[in-house]
Amino acid sequence: MIKDAKYFKEKLLAEKATLEEDLIDVARENPDQPGDWEAIPNEHDTAAFEENTAGDAVDGYETNNAVVNTLEPRLRDINAALERIEKGTYGACEICGEEIDKDRLEANPAATTCKDHMK
Ligand SMILES: [Zn+2]
């Protein structure tokens, strides 16, 4: 495991907290499946729904759903990276096992591959 794992753990935890704050505005976590977020219609659009048409509420839900679809996979990557820190395998490329460059981890602490194997 790389020496700076603790430093990257702080970064991962900070990003996780930000993501969860953003998710809480647009989704609720499935109590049966932690880590699984479901979009909710936002309050603003629910109010609009009462005054206007069903269309507005559906739009609000779809917007939230799009946000969830962006944030949830990122949160999953971050949780996976935190798990690798716990297991002591953080910072190794999942394809070749080589250490991932620091600057790559700096740009994306949840990176799972080295520069040669990035998607
Ligand atoms: Zn590699």
Side-chain angles (χ1 to χ4, degrees):
M1 176 145 87
I2 64 167
K3 273 183 286 180
D4 290 347
K6 200 170 171 232
Y7 163 78
F8 289 112
K9 184 178 179 179
E10 303 281 310
K11 281 175 79 89
L12 287 161
L13 287 174
E15 189 175 348
K16 179 179 168 156
T18 307
L19 282 169
E20 284 182 343
E21 267 173 39
D22 290 347
L23 271 168
I24 276 166
D25 289 339
V26 295
R28 62 169 170 254
E29 194 170 12
N30 183 342
D32 298 327
Q33 273 179 292
D36 184 31
W37 293 79
E38 294 166 341
I40 51 171
N42 64 40
E43 281 172 34
H44 178 77
D45 286 309
T46 307
F49 169 70
E50 280 159 13
E51 286 169 28
N52 295 303
T53 63
D56 288 343
V58 170
D59 285 347
Y61 174 78
E62 282 179 359
T63 307
N64 286 352
N65 207 30
V67 174
V68 172
N69 286 340
T70 307
L71 299 183
E72 197 185 12
R74 179 69 190 156
L75 184 59
R76 237 174 246 162
D77 287 350
I78 287 173
N79 282 329
L82 286 165
E83 260 174 46
R84 289 196 298 280
I85 289 176
E86 294 308 315
K87 282 191 209 147
T89 58
Y90 180 76
C93 171
E94 67 180 7
I95 294 169
C96 67
E98 291 293 314
E99 218 172 79
I100 301 170
D101 286 337
K102 288 276 168 60
D103 57 346
R104 177 153 159 72
L105 289 173
E106 189 70 49
N108 176 15
T112 58
T113 54
C114 70
K115 277 179 186 157
D116 290 342
H117 296 113
M118 58 194 287
K119 287 154 220 166

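One-based numbering along the sequence shown. As the structure lists them, so they are numbered: ligands from 1, and atoms in each ligand from 1.
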Given a cut-off of 2.8 Å, the protein N, O or S atoms lying below it from the Zn ion (ligand 1) are Cys93 SG, Cys96 SG, Cys114 SG, His117 ND1
- What residue pairs, at least two apart or across chains, pass salt bridge (Lys or Arg N to Asp or Glu O under 4.0 Å) with a residue in residues 67-82?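 Sorted pair list: Glu15-Arg74, Glu72-Arg76.
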Thr70 meets the side-chain contact (heavy atoms from CB on, under 4.5 Å) criterion, sequence neighbours left out, with none
Contacts of Asp103 meeting salt bridge (Lys or Arg N to Asp or Glu O under 4.0 Å) (sequence neighbours excluded), chain-then-number -> Lys115
Has the side chain of Glu29 got a donor or acceptor atom that lies under 3.5 Å from a matching backbone atom of Gly35?
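Checked: pair present.
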Same cluster (ILVMFWY, side-chain, under 4.5 Å), Tyr7 and Leu13: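 Yes; Leu13 is reachable from Tyr7 via cluster members.
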So CZ of Phe8 and CG of Asn108: to nearest 0.5 Å the spacing works out to 10.0 Å
